There are 2 protein chains.
Amino acid sequence: MRKRRSGGRPTIADVAKRAGVSSITVSRALRDPERVSPQLRQQIEEAVRELEYVPDQHARALASARTDVIGVIIPSFTNNVFADVLRGIYDGLAQTPYQVQLGNSRYSPIEEERLLATFLSQRPAALIVAGIDQTERGRALLAAAGCPVVQVMDLGDDPVDMMVGFSHKASGHAVTSHLLEAGYRRIGFLGARMDPRTQRRLEGYRAALAEAGLYDPARITTTPASSSVSLGRDLLRDLLARMPDTDAVFCNNDDLALGALFECQRALLAVPASMGIAGFNDLEMMAAACPSLTSVRTPRYEIGSRAVQMARAAIAGRRPAERVVDTGFALQIRESTKRPETVRPQPMGVLYNNA
Amino acid sequence: MRKRRSGGRPTIADVAKRAGVSSITVSRALRDPERVSPQLRQQIEEAVRELEYVPDQHARALASARTDVIGVIIPSFTNNVFADVLRGIYDGLAQTPYQVQLGNSRYSPIEEERLLATFLSQRPAALIVAGIDQTERGRALLAAAGCPVVQVMDLGDDPVDMMVGFSHKASGHAVTSHLLEAGYRRIGFLGARMDPRTQRRLEGYRAALAEAGLYDPARITTTPASSSVSLGRDLLRDLLARMPDTDAVFCNNDDLALGALFECQRALLAVPASMGIAGFNDLEMMAAACPSLTSVRTPRYEIGSRAVQMARAAIAGRRPAERVVDTGFALQIRESTKRPETVRPQPMGVLYNNA
DNA sequence: TTTGGCCATGATAGCGCTGACATGGCACCG
DNA sequence: CGGTGCCATGTCAGCGCTATCATGGCCAAA
């Protein structure tokens with residue numbers, strides 16, 4: 001006979017024998033205690049404790065065709081933005097039987113598609129994916145996933161299933177409008193990697209400036225390279241070399257904004273007097289910088305935990321009424337965009353929704 | 001009869017029928033192609049492609065008592081340090097059948113122990129854990145894991161199995177020595193969270209100053225709160241309030257160092273002339289800051305990929321001869337510790353090993 | 001009392017895959 | 001030409017769990 005595979009670990013049958021019941025009763029007592037009489041339940045719990053029984057996930061998955069795995073696909077590990085979303089997800093899943101299977105698409109839709117296929121082959125209980133810009137086949141895979149799907153960090157009117165995020169275009173518009181109100185007129189854009197969400201922020205920037213009649217494409221400085229503080233310095237230097245009269249920049253994320261600040265310090269360019277700087281995401285460092293840096297606070301942790309909440313509700317058969325949740329964003333106005341001549345009382349956290 | 005669980009997905013039996021062989025042959029062709037004749041192999045591959053067959057992980061795991069899951073436990077998602085390790089791990093695992101199961105211990109040994117137990121119940125192929133400071137029971141679990149275990153990011157002489165990292169004490173000693181050589185004499189220490197690795201860096205700091213006869217415990221400023229840029233500002237402010245003559249600080253990580261720099265800017269304290277600043281980890285921003293910030297470059301990505309390499313070798317039965325790998329670290333000397341009177345030609349990247 | 005229905009529990013049969021062993025064909029040997 | 005050993009392939013029996021249906025006891029309604 002084949003030796004036991006579990007390496008000596010007790011199986012449900014061992015628990016059953018010890019508790020003097022059949023194994024199916026143990027199974028029920030563990031998954032659906034209501035269906036077992038209190039007395040047996042107690043005996044079983046005792047046996048479980050004594051034997052230190054831990055159910056075998058794989059056997060369970062095979063027998064029931066269900067798993068407790070929630071697949072999560074994000075485009076980057078290094079980007080703190082997603083670290084916060086992840087924290088929200090893991091915290092939302094603590095003390096539950098669910099486990100996270102994490103994939104990194106590296107901002108590549110092809111890679112994302114591959115991950116999707118891999119993950120789906122494991123019949124996850126739910127799937128959380130960053131962004132709404134899947135490939136056609138990726139979307140098809142998601143649509144046929146047979147499990148709840150939550151797209152996060154962006155907003156669109158065509159969710160595969162559910163969606164939690166905010167409008168990047170609206171947020172780009174809001175920051176740019178703020179710079180205009182602060183009195184800046186020759187506002188540049190610094191962008192790295194230029195993934196779809198960045199593109200939409202750029203669109204918002206463009207729209208706001210166009211409305212004001214101040215749009216000049218020459219002030220847009222982008223690179224496909226991935227974002228970093230040094231890159232922020234390089235991009236600002238480039239921009240100023242080409243358009244020396246630029247008086248403010250909207251940086252598509254906080255790393256770039258920090259780099260821009262350092263470049264200004266090096267070039268002895270006064271911030272905010274001669275150069276306004278606004279970032280995106282409002283990482284913790286923005287408030288600590290000197291001068292403190294204006295940014296757009298994005299509710300990353302909340303998006304993660306909200307996504308988990310929606311996914312769990314859907315798994316339980318209670319699909320939320322609102323399939324698309326707009327978390328909004330908040331403009332955090334700080335020193336880096338307070339032009340001396342325009343300093344005036346302003347609420348420090350202006351809340352926007354997808355108006 | 002029970003309906004097929006796989007939701008219509010083809011099983012190995014379907015592939016076998018289509019290829020005109022038995023299912024065990026399909027199984028072999030997929031896992032161990034050498035053992036199947038080229039002709040059958042080709043037929044099988046064709047059938048797999050036509051049916052879009054994807055093996056069921058759970059069935060495989062149940063039948064073979066093995067999985068392709070590598071468990072990874074890190075103490076933080078938000079800390080970029082571990083993001084880099086993770087990238088190394090994921091990159092090392094790309095194009096392999098292995099999957100990562102990721103856990104966040106939140107710097108809590110208790111939580112780590114819990115995660116360990118959970119992970120082990122899934123019989124992972126290998127385990128990669130950050131640090132060497134497991135609880136007693138955690139160590140026991142690891143020792144009895146029955147799979148390769150790699151402890152990363154630290155060094156010790158008592159590996160559970162394998163180990164890749166560097167000496168935190170030696171690196172703390174190296175930075176402090178550098179500050180002394182640069183001419184600083186009243187050197188403070190800023191530390192947050194004070195996890196065991198931080199403690200060892202502090203030990204290195206203490207030893208270096210004690211050797212120089214300049215150790216003063218009053219210059220150590222720590223907090224159990226977790227690290228952030230703002231905290232760096234606060235800690236430096238505290239230190240200067242208590243010990244205004246402090247002329248340099250070794251910050252236990254780069255966030256704190258950046259915060260310290262901002263605080264100096266705010267207080268109009270010249271860096272490096274009146275205050276030297278050194279950080280730890282050498283995140284990308286350190287080189288971009290103004291002035292650029294001295295730090296200790298830690299080979300985080302390499303540690304991740306090396307750990308994966310060792311784990312895979314061990315899984316394959318080729319346990320590396322060197323169970324403990326010291327990756328070393330590199331002092332990155334930059335503007336923030338170049339005191340005007342002591343500026344002299346120095347190699348820009350001094351390599352240290354666990355001397 | 002009978003009957004029907006419900007509830008708690010059990011017996012059975014797989015889920016999709018792989019380990020162990022069996023089989024049959026073929027090359028090579030004396 | 002029988003024997004030997006090896007190789008490719010197959011048969012069979014589970015891995016540990018749960019879906020499904022069966023069973024038997026109990027209570028309420030008739």
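Values below: every heavy atom of this structure, side chains too, minus hydrogens, waters and symmetry copies. Chain naming here is simple, since letters A, B, ... match the order of the sequence lines and numbering starts at 1 in each. For clarity, every value in this text was computed on a predicted model and none was experimentally measured.
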For [N], does OP1 or OP2 lie under 4.0 Å from any side-chain N or O of [X]?
X	N	value
A:S64	D:dT18	no
B:R60	C:dT18	yes
B:T25	D:dT9	no
B:T11	C:dG16	no
A:S23	D:dT18	no
A:S37	C:dT9	yes

(message) Looking at B:D133 and B:R139, is there a salt bridge between them, counting it only when a charged N and a carboxylate O are closer than 4.0 Å?
(response)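 Salt bridge: no.
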(request) Tell me yes or no: between the side chains of B:T327 and B:R306, is some donor less than 3.5 Å from an acceptor? (result)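 Side chains of B:T327 and B:R306: no pair found under 3.5 Å.
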(message) If we count only N and O atoms by modelled type, under 3.5 Å, do the side chains of B:E111 and B:S105 hold a donor and an acceptor together?
(response)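 Their side chains do not contain a donor-acceptor pair, so the 3.5 Å distance test is not met.
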(request) Indicate, with a heavy-atom threshold strictly under 4.0 Å, whether A:R31 touches base, sugar-phosphate, or nothing. (result)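 The residue A:R31 makes sugar-phosphate contact but no base contact.
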Interatomic distance where [atom1] belongs to [X] and [atom2] belongs to [N] [whole Å]:
X	N	atom1	atom2	value
A:R123	D:dC17	CZ	P	19 Å
A:Q39	C:dC7	CD	C1'	16 Å
A:L62	D:dG16	CG	P	12 Å
B:R28	C:dT18	CZ	P	11 Å
B:L40	D:dT9	CG	C1'	8 Å
A:L30	D:dC17	CG	P	9 Å
A:I44	C:dT9	CD1	C1'	10 Å
B:D32	C:dA20	CG	P	14 Å

(request) Give a yes or no on this: more than 12 heavy atoms of other residues, nucleotides or ligands lie within 6.0 Å of atom CG of A:D157. (result)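 Not more than 12 within 6.0 Å, no.
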(message) Does the structure place the NZ or CZ of B:R193 under 6.0 Å from the centre of the six-membered ring of B:Y107, at an angle of no more than 45° from the ring's axis?
(response)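 Flagged: B:R193 positioned over aromatic ring of B:Y107.
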(request) Go through C:dA11, C:dA20, D:dC17 for me and flag the one nearest to the A:S22 side chain. (result)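 Nearest to the side-chain atoms of A:S22, counting from C-beta on, is C:dA11.
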(request) Just compare D:dC17, C:dT9, C:dG16 and give me whichever is closest to any side-chain atom of A:I12. (result)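 Selected nucleotide (nearest to the side chain): D:dC17.
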(request) Between A:V21 and B:P55, name the one whose nearest nucleotide on DNA chain C is closer to the 5' end. (result)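 Final value for this comparison: A:V21.
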(message) By nearest heavy atom, map A:I24 and B:I24 onto DNA chain C; which one lands nearer the 5' end?
(response)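 Counting from the 5' end, the first nearest nucleotide belongs to A:I24.
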(request) Please state whether the base of C:dG16 and the side chain of B:R9 form at least one donor-acceptor pair under 3.5 Å? (result)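 For B:R9, whose side chain was compared with the base of C:dG16, there is no donor-acceptor pair (under 3.5 Å).
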